[in-house]
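Residues: numbered from 1 along the sequence shown. Being a predicted model, the structure only gives us computed values, none of them experimental. Read the numbers this way: they start at 1 and go in the same order the structure lists the ligands and their atoms.
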Amino acid sequence: MAPSSDMETFGKVLASSKSLAILAGAGLSAASGIPTYRGAGGLWRTHDAMSLATPEAFEDNPSLVWKFYHERREKAITALPNAAHKALASLYLPMTLSRVAPSLDPSECPNPLFITQNVDSLSLRVLSESSLNLPEAIQAIARESLLEMHGSLFRLRCTECERDYRDYSSPLSEILAEATERHSESGEDVEVPVDKLPRCGDGHPDSCGGLLRPGVVWFGEVPEHLDQISNKLDHCDLLLIVGTSSTVYPAAGFADIVKGKGGKTAVFNLERSSGDRRADFLFIGPCEETLPQALGIAV
Ligand SMILES: [Zn+2]
């Protein structure tokens, strides 16, 4: 059966859901101006961006990989959350949740689990946005329900002592900012010596001084929170797939789990993909428009 794009029917299914999960991908942040890996432009056009996002690339040339991430980090820090981020964040307000999805089972964690593949942390930053007015306690619940399965550009991990922390400073490092800018202007691969790259302890006196790496999950590494995700998906009866093709891992695998247990899936994406015909609902268009509308949340 072809997927339905009827908002009213979707609203009824959402209202009867007992366990809800959301999976977001790059399309969620497109309207915020965050380019995808493949869309990375500028000085990185001559590099295969995928080849920079590996542990081996970092070992070979940490300076080049850091410049790549420094630029992405600076882009993400100036980006603003869009209406789709806001609509999803609003779901955590008890008043909104009890209107939109009143049947969620209070005996288990009633809040939707929000899994994102994005590393821009916009779904986290939006929680404290003043226009949303989310009380501190609600922000804490929403933060706990948000799983950044591919890590974050704003996390730093020490390659020596495993220290892992968040840092939103901009720029992260003057030397790195300068080298990235020169690289961008002249195409010259200005190498930052490894002892001048971000180090464990910069601003944190109790740390070891080891080389820091971006706290993102690279190709060949295992995504984070997989246990928690599979526990929830095991009894999830409605999965919203936002801004990502439902044919590619992990969306395809997550949809299989939910469908296998008799649950339903709803895809919100800019374009069709071949696996969409297995979805129960399909809303084609910019998710910052379709999502607030389907959830009945004005932002
Ligand atoms: Zn360390």
Side-chain angles (χ1 to χ4, degrees), residues 29 34 37 40 43-44 47-79 114-125 127-128 139-140 142-184 189-229 250:
S29 294
I34 304 282
Y37 265 109
L43 74 138
W44 305 107
H47 288 276
D48 174 5
M50 312 271 264
S51 75
L52 292 170
T54 67
E56 293 77 21
F58 187 67
E59 202 157 304
D60 283 354
N61 193 341
S63 162
L64 183 67
V65 172
W66 254 123
K67 281 190 287 179
F68 175 63
Y69 280 97
H70 191 267
E71 193 175 78
R72 294 185 69 198
R73 197 178 176 279
E74 288 295 302
K75 273 212 182 86
I77 211 162
T78 52
F114 185 3
I115 309 154
T116 182
Q117 302 171 68
N118 298 340
V119 293
D120 53 45
S121 283
L122 282 173
S123 295
L124 193 64
R125 278 173 47 205
L127 299 174
S128 52
Q139 291 185 35
R143 268 196 294 273
E144 254 173 56
S145 308
L146 176 66
L147 304 180
E148 294 179 313
M149 68 179 291
H150 290 157
S152 166
L153 293 166
F154 301 100
R155 260 171 56 196
L156 297 168
R157 262 172 51 201
C158 178
T159 56
E160 304 277 338
C161 74
E162 306 284 308
R163 189 190 162 97
D164 185 324
Y165 57 97
R166 282 186 184 268
D167 186 318
Y168 288 94
S169 51
S170 167
L172 179 60
S173 137
E174 292 289 348
I175 296 173
L176 206 47
E178 211 171 286
T180 309
E181 198 175 318
R182 273 176 62 198
H183 193 157
S184 175
D189 180 5
V190 188
E191 193 176 333
V192 180
V194 73
D195 61 325
K196 297 282 192 294
L197 287 172
R199 309 296 296 195
C200 180
D202 294 353
H204 298 267
D206 55 332
S207 309
C208 81
L211 176 64
L212 293 173
R213 57 163 276 182
V216 297
V217 176
W218 281 330
F219 295 103
E221 295 181 323
V222 182
E224 298 180 2
H225 312 294
L226 290 181
D227 285 349
Q228 206 179 335
I229 293 170

- Query: Is there a side chain to side chain donor-acceptor pair (under 3.5 Å) between Tyr165 and Arg163 once you walk through the steps?
  - Reply: CA-CA 7 Å; Tyr165 57 97; Arg163 189 190 162 97; 4.8 Å; no
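- Listed by chain and residue number, the protein N/O/S atoms under 2.8 Å of the Zn ion (ligand 1) are Cys158 SG, Cys161 SG, Cys200 SG, Cys208 SG, with waters left out.
- A ring-ring contact (aromatic ring centres under 6.0 Å, His included) with Phe58 is found for one member of Tyr69, Phe68, Trp218 and no other, namely Trp218.
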- Message: I'd like to know whether Val65 forms a side-chain contact (heavy atoms from CB on, under 4.5 Å) with Arg213, so could you lay out the CA-CA distance, the side-chain angles of the two residues, the decisive distance to 0.1 Å, and finally the verdict.
- Response: CA-CA 9 Å; Val65 172; Arg213 57 163 276 182; over 6 Å; no
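- Between Glu148 and Arg166, at least one side-chain N (NZ, or NE/NH1/NH2) sits under 4.0 Å from a carboxylate O, which counts as a salt bridge.
- No side-chain heavy atom of Ile34 sits less than 4.5 Å from a side-chain heavy atom of Asn118.
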Report, one line per pair, each donor and acceptor closer than 3.5 Å where one atom sits in a side chain of residues 222-229; sequence neighbours left out.
residue	atom	partner	partner atom	Å
Glu224	OE1	Arg155	NH1	3.0
Glu224	OE1	Arg155	NH2	3.4
Glu224	OE2	Arg155	NH2	3.0

